[in-house]
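Structure record follows, encoded as structure tokens.
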Amino acid sequence: MSSHTVAVFASLVVGAVFLVSGVSKVASPAAWRSSLSGLGLPSWLAAPVPAVELVVGALLAAQWQRVVMAVIAAVLLLAFTSLLIRRLAQGQHPSCACFGSLSAKPISAWHVARNGVFLALALLAALL
């Protein structure tokens, strides 16, 4: 398998993840907004996060500016993962509506590991 094929596959997976995440948040805005306070985020982030996820996901899926969009996805995933790690280090396990009502469970090391896989895929999409 060529490195280009791996990069395209990785970007399609990350794009799909961002699309599912964004659509899930839009479909259940109450779950998303309520998880913001538990995660320690300001409420003004409720509106732009799903929109950003949808745009990044769609552009990755379309392979438009794949490298740039993969870098943006990696930065977002790094920010999301850092937030999760910070809460876990503080002994907090708030509900995370990372995928809207599909994932409204208390955060755990599993969330960090999952995001690590997505981050690795975003980096592959950006660097290959």
Side-chain angles (χ1 to χ4, degrees):
M1 188 179 304
S2 73
S3 61
H4 175 74
T5 303
V6 171
V8 169
F9 177 76
S11 66
L12 290 173
V13 171
V14 174
V17 166
F18 271 73
L19 285 170
V20 169
S21 181
V23 167
S24 298
K25 287 179 180 100
V26 169
S28 57
W32 166 236
R33 282 191 204 101
S34 70
S35 76
L36 286 175
S37 62
L39 291 170
L41 294 173
S43 60
W44 57 266
L45 279 178
V49 168
V52 168
E53 289 176 334
L54 289 169
V55 169
V56 171
L59 294 176
L60 277 171
Q63 297 296 294
W64 186 82
Q65 296 291 321
R66 185 191 78 234
V67 172
V68 173
M69 300 317 308
V71 168
I72 291 169
V75 169
L76 289 169
L77 286 162
L78 189 58
F80 297 156
T81 306
S82 298
L83 176 66
L84 295 174
I85 290 170
R86 188 171 351 141
R87 290 295 167 254
L88 290 171
Q90 294 169 341
Q92 299 174 1
H93 299 272
S95 174
C96 177
C98 305
F99 291 93
S101 60
L102 298 174
S103 68
K105 299 175 187 166
I107 63 170
S108 67
W110 162 248
H111 290 84
V112 174
R114 178 199 63 202
N115 279 12
V117 170
F118 297 152
L119 179 57
L121 289 170
L123 292 173
L124 282 174
L127 299 173
L128 294 181

Can you check side-chain contact (heavy atoms from CB on, under 4.5 Å) on Glu53 and Phe80, steps first, answer last? CA-CA 12 Å; Glu53 289 176 334; Phe80 297 156; 3.7 Å; yes
Common cluster, [X]/[Y], ILVMFWY with side-chain heavy-atom separation under 4.5 Å:
{"X": "Leu19", "Y": "Phe99", "result": "no"}
{"X": "Leu54", "Y": "Phe118", "result": "no"}
{"X": "Leu128", "Y": "Val68", "result": "yes"}
{"X": "Val75", "Y": "Val117", "result": "no"}
{"X": "Leu124", "Y": "Leu78", "result": "yes"}

Considering only residues two or more places apart or on different chains, which pairs with a residue in residues 9-18 satisfy side-chain hydrogen bond (donor to acceptor under 3.5 Å, both in side chains)? Ser11-Gln63
I need the Leu59 CG to Met69 CE distance, nearest 0.5 Å.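 One finds 4.5 Å between CG of Leu59 and CE of Met69.
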In Å, rounded to the nearest 0.5 Å, how long is the span from CH2 of Trp110 to NZ of Lys105?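 Separation between the atoms: 9.5 Å.
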Can you name the closest pair of heavy atoms from [X] and [Y] and give their distance?
{"X": "Leu12", "Y": "Ala61", "answer": "CD2-O, 3.5 Å"}
{"X": "Ala126", "Y": "Val67", "answer": "O-CG1, 3.6 Å"}
{"X": "Val14", "Y": "Ala73", "answer": "CG1-CB, 3.9 Å"}
{"X": "Arg66", "Y": "Val8", "answer": "NH1-CG2, 4.0 Å"}
{"X": "Pro29", "Y": "Val26", "answer": "CD-O, 3.3 Å"}

Apply side-chain contact (heavy atoms from CB on, under 4.5 Å) to residues Trp44 and Leu36 and explain how you reach the verdict. CA-CA 10 Å; Trp44 57 266; Leu36 286 175; over 6 Å; no
Main chain of Leu39, side chain of Arg87: is a donor-acceptor contact present, judged purely on distance under 3.5 Å? yes
Side chain Ser21, main chain Val17, donor-acceptor under 3.5 Å: no
With a cut-off of 6.0 Å (strictly less than), are more than 12 heavy atoms of other residues, nucleotides or ligands near CZ of Arg33? no
With sequence neighbours left out, which residue pairs that include part of residues 30-99 fulfil the disulfide (SG to SG under 2.5 Å) condition? Cys96-Cys98
Non-neighbouring partners of Thr81 that pass side chain to side chain donor-acceptor pair (under 3.5 Å), sequence neighbours left out: Asn115
Start with the C-alpha distance between Leu88 and His93, add both sets of side-chain angles, then the distance that settles side-chain contact (heavy atoms from CB on, under 4.5 Å), and finish with yes or no. CA-CA 6 Å; Leu88 290 171; His93 299 272; 3.3 Å; yes
